[in-house]
Amino acid sequence: MKALLGGKGANLAEMVRIGLPVPPGFTITTEVCTYYYAHQLTYPKVLHAQVEAALERLETLTGKRFGDRQNPLLVSVRSGARESMPGMMDTILNLGLNDQTVEVLARRANNPRFAWDSYRRFIQMYGDVVMGVQAHGRDEHDPFEEILAKLKQEVGVEKDTDLTAGNLQELVRRYKSLIKRRVGREFPQDPRQQMWGAIGAVFGSWNNDRAIVYRRKYHIPHEWGTAVTVQAMVFGNLGNTSGTGVAFTRDPATGQKAFYGEYLLNAQGEDVVAGIRTPQPIAYLAREMPKAHAELERVRQTLERHFKDMQDFEFTIEDHKVYMLQTRNGKRTGLAAVRIAVELVEEKLIDWKTAVRRVPADSLSHMLAPVFDRKDRAEAEQAGRLLCKGLAAGPGAASGKVVFNAEDAVAWAQRGEPTLLVRIETTPEDLRGMIAAEGILTARGGVSSHAALVARQMGKVCICGAQEIHVDYTARLMRVKGRVVREGESLSIDGTSGEVFLGEVKTAPSEIVQVLVHKTLPAAKSPTYRQFAKLMAWADKLRRLKIRTNADQPDQAATAVAFGAEGIGLCRTEHMFFGGTRIDAVREMIIAETPEARQRALAKLLPYQREDFIGIFRQMKGLPVTIRTLDPPLHEFLPNDGEILRDLADKLQQPYEKIAARVAQLHEANPMLGHRGCRLGIVYPEITEMQVRAIFEAAARVRKDKVPVRPEIMIPLVGFPKELQLQLEIVRRVAQQVQAATKQKIAYTVGTMIEIPRAALVADEIAADAEFFSFGTNDLTQTVLGMSRDDSGSFLPCYLEHEIVKANPFASIDQTGVGQLMEMAIAKGRTTRPGLKIGICGEHGGDPASVEFCHRAGLDYVSCSPYRVPIARLAAAQAALKQQERS
Ligand code: PEP
Ligand code: MG
């Protein structure tokens with residue numbers, strides 16, 4: 001149903017079926033949209049007649065007719081894709097009004113103000129969406145809103161609702177002349193012409209910029225298309241016995257089981273979601289309109305029982321009677337997603353596997369997001385830096401430099417400057433900027449404004465409706481209680497409390513991090529942690545993939561184990577080379593021109609490396625630890641600064657010129673493809689020897705203390721079997737020597753990374769020597785695609801824009817290209833060595849889509865950064881569930 005009718009159309013039909021009050025209407029399917037785009041923006045021939053027939057039925061059902069002088073039919077024309085894309089496409093309300101029917105409506109409702117208000121809204125929406133009358137530049141405000149503001153100023157009122165029927169009639173006149181001026185055509189009076197214009201505009205809005213950006217971000221296929229629902233209008237702006245609102249069956253920010261939402265009396269739906277007026281919390285409705293509130297409470301329960309998930313619904317109250325305009329599964333924060341899923345299981349509405357399926361794996365990162373450091377926050381408050389409060393719309397804490405438009409947020413982020421995007425109201429045009437900014441702050445609008453929903457889903461920190469803020473786009477500044485904050489100044493916002501601070505406020509870790517990593521909060525005191533742990537336990541029951549971590553230091557390893565890592569999948573030994581005075585020894589080793597000189601330097605490094613490995617082995621207590629031998633190009637460790645070079649020459653007691661010449665000699669034109677990886681250990685076997693010695697001496701030391709150890713030695717950048725054989729010989733020889741010397745028997749394995757296409761192609765030969773494979777998909781992607789992992793930033797955005805790639809291939813595995821090569825390497829490797837253990841340790845190991853691919857491809861484990869371990873656990877469980885469902 002959803003594929004054909006779109007989410008909105010299908011759920012309206014569903015609500016009719018379960019007896020909820022829905023105004024009559026009809027839906028034009030997504031197939032028409034697909035046809036429209038496939039046939040040069042034309043409709044199927046039958047469409048006209050079918051829409052006319054449906055319209056006739058609607059007229060019969062409502063007893064109203066389009067353009068009728070006695071009882072005119074007014075409709076809304078709404079978009080609705082298969083998956084909801086809040087606010088990204090267009091909607092038109094009050095269609096059917098014209099210079100005549102507005103008078104009829106005024107008479108029938110006995111309320112001229114209402115009629116003229118509806119008409120001016122219609123012209124405004126139609127003018128914007130169908131006729132394209134919009135703000136010209138990024139510093140300009142919406143032209144209709146400008147006219148409205150000017151009129152309010154002229155007549156001396158503050159609120160829209162204070163405008164009289166006469167004022168609104170004047171507003172209609174000004175709106176119409178704005179349209180005439182801008183597009184050279186009159187606003188159309190014929191309702192049928194209006195309707196077809198609106199239908200075309202809704203189909204057209206499927207391909208507007210923000211919808212495309214949204215689809216790309218959420219991987220919604222462009223082929224799906226949108227449906228169009230035409231529905232009889234009900235009016236929330238009939239006076240103070242009417243209203244409109246948006247509600248959630250549970251709190252979308254925290255997941256708490258509480259009726260959550262907001263409404264405006266005497267208003268139409270767009271007022272709430274567009275964030276132009278700041279609405280009332282739904283609880284107030286119990287006082288203002290108890291009957292309607294009770295009916296909504298019934299709706300809330302019916303919806304949850306039927307859809308078995310948190311719903312986000314729109315309603316209108318027309319003269320005390322509640323109508324449902326839409327329902328959909330509500331967007332939620334990661335925090336809320338976990339709580340709702342776990343509580344729905346406890347309430348027996350869903351089973352535990354459904355709970356695991358429901359929580360988007362990536363959204364767990366919201367739960368691990370920082371909050372303000374308490375002390376720093378208190379100090380900021382005492383120092384009078386608490387500027388104001390708004391509505392908490394997206395949890396977490398963020399600091400950044402203020403920018404006032406989306407384009408700047410994008411540009412500044414590209415320069416590496418964290419920003420906070422400050423807007424008067426949140427509109428969907430801001431999407432690009434919202435993606436780029438650390439957080440979003442708006443002066444107007446409620447927690448259910450479009451952009452607030454989107455921010456939450458993205459896990460962005462967001463505050464809405466901070467009414468004390470007055471933004472001046474043109475001057476690029478905001479005023480708050482007499483203070484002026486200009487573009488580029490620092491601001492901090494807490495999207496959980498709604499507080500806005502001047503300057504930077506330090507952030508502190510999430511509750512889960514406090515329980516698991518810092519151990520400063522007891523689990524019993526954190527329901528959030530307990531729910532997280534429950535979900536993780538369910539996930540662990542389902543997953544087949546093991547989860548390891550990429551860690552080079554004991555504290556990183558400890559964090560990862562606390563998050564559930566079952567071993568280290570990649571320990572990059574070179575990361576240990578930078579600390580303290582080691583870098584001097586490393587540089588000495590590199591500069592060395594004879595094996596003896598090199599060995600002298602390596603001897604200095606050995607104790608450091610041994611200590612590092614002891615720390616890691618102790619921490620991992622017998623869990624497998626994959627240690628990779630030296631990988632990066634050596635000159636990465638060399639100074640290019642004259643002064644440091646001079647200092648190095650002094651330390652090594654060698655002439656500056658000689659050192660400088662050696663450094664120049666080591667320079668490579670293309671270091672990523674140069675002297676790195678196992679090529680280092682082959683040309684300088686003494687480096688591998690030192691590292692292997694450090695590993696085994698550390699292992700022996702730790703074993704002596706009765707702590708089990710499981711080292712796995714991994715050779716990087718292998719492309720030829722002989723490369724591995726040469727390194728293997730060193731590993732086996734040194735391991736033998738150390739074991740004999742220490743009288744400790746250490747079980748270990750030796751394997752290789754598969755990160756060069758040639759290694760994948762000859763994986764069967766390599767597997768003769770390798771006891772395990774680990775895909776280095778960072779380098780494999782770089783070499784298969786021929787795209788530098790360090791330089792792709794300059795062209796990848798354009799590639800994404802053109803959909804040459806569906807996702808950044810360095811973040812999510814290019815399954816058809818790189819993935820194909822991986823599948824081949826897996827098959828070949830296991831032909832030679834059945835049961836060959838295979839993992840992945842590139843950045844992709846923490847990406848849910850890549851984890852799913854790794855599950856399907858038959859990998860044994862994925863390895864990712866510590867904070868992504870929970871995400872990988874959940875993604876692995878979801879991959880297993882998906883496979884169960886398929887078979
Ligand atoms: C890889 O290439 O995927 C990998 C894990 O190694 P590195 O990122 O250190 O090159
Ligand atoms: Mg690599």
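Counting convention: from 1, in listed order, for ligands and their atoms alike. All figures in this text were calculated on a predicted structure; none of them were measured in a lab.
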Nearest non-hydrogen atom to atom 5 (C) of ligand 1 belongs to which of Cys841, Gly845, Pro632, Gly677? Cys841

Verify ring pair (Phe, Tyr, Trp, His ring centres under 6.0 Å) between His802 and Phe795, making sure each step is shown before the conclusion. CA-CA 11 Å; His802 286 96; Phe795 56 87; over 10 Å; no

Please answer whether the main-chain N or O of Thr816 pairs with a side-chain N or O of Gln820 as donor and acceptor at a distance below 3.5 Å. yes

Is there a donor in the side chain of Arg662 and an acceptor in the side chain of Gln665, or the other way round, less than 3.5 Å apart? yes

Which atoms of ligand 1 are found less than 4.0 Å from any heavy atom of Arg572? 4 (C), 5 (C), 6 (O), 7 (P), 8 (O), 9 (O)

Residue Asp779, metal the Mg ion (ligand 2), N/O/S under 2.8 Å: yes

For Arg628, state whether at least one heavy atom is located under 4.0 Å from any atom of ligand 1. yes

Restricting Glu755 to its N/O/S atoms, the closest one to the Mg ion (ligand 2) is OE1

Thr573 versus Gln691, side-chain donor and acceptor atoms under 3.5 Å: yes

What do we get for Leu570 next to ligand 1 when only non-hydrogen atoms under 4.0 Å count, side chain, backbone, both or neither? side chain

Is the distance between the ring centroids of Phe696 and Phe613 under 6.0 Å? no

Surrounding NZ of Lys806 (heavy atoms of other residues, nucleotides or ligands, distance under 6.0 Å), is the total greater than 12? no

Using non-hydrogen atoms of the residue, decide whether Met672 is closer than 4.0 angstrom to ligand 1. no

Output the list of atoms in ligand 1 that are nearer than 4.0 Å to some heavy atom of Arg676, sorted by atom number. 10 (O)

Hey, is Arg789 touching ligand 1 through its side chain, its backbone, both or neither, going by heavy atoms under 4.0 Å? side chain

Identify, by atom number and element, the atoms of ligand 1 in contact range of Asn778, meaning under 4.0 Å from any of its heavy atoms. 1 (C), 2 (O), 3 (O), 4 (C), 5 (C), 8 (O)

Atoms of ligand 1 under 4.0 Å from any heavy atom of Met753, numbered from 1 in the order shown, are 4 (C), 5 (C), 6 (O)

Take a 6.0 Å sphere around NZ of Lys546 and say whether it holds more than 12 heavy atoms from other residues, nucleotides or ligands. no

Look only at the side chain of Arg628 and the backbone of Pro716, and say whether a donor-acceptor pair between them is shorter than 3.5 Å. no

Residue portion contacting ligand 1 (non-hydrogen atoms closer than 4.0 Å) for Glu843: neither

Quick check on contacts: which atoms of ligand 1 are under 4.0 angstrom from a heavy atom of Asp631? 9 (O), 10 (O)

Atom CZ of residue position Arg701 - does it have more than 12 heavy atoms of other residues, nucleotides or ligands inside 6.0 Å? no

Relative to ligand 1, is Met714 under 4.0 angstrom through side chain, backbone, both or neither, heavy atoms considered? neither

Looking only at distance, does Glu574 have an N or O less than 3.5 Å from an N or O of ligand 1? no

Go through ligand 1 atom by atom and flag the ones less than 4.0 Å from a non-hydrogen atom of Asp779. 1 (C), 2 (O), 3 (O), 10 (O)

I want to check a possible cation-pi pair here: Arg548 against Tyr861, using under 6.0 Å from ring centre and within 45° of the ring axis as the test. yes

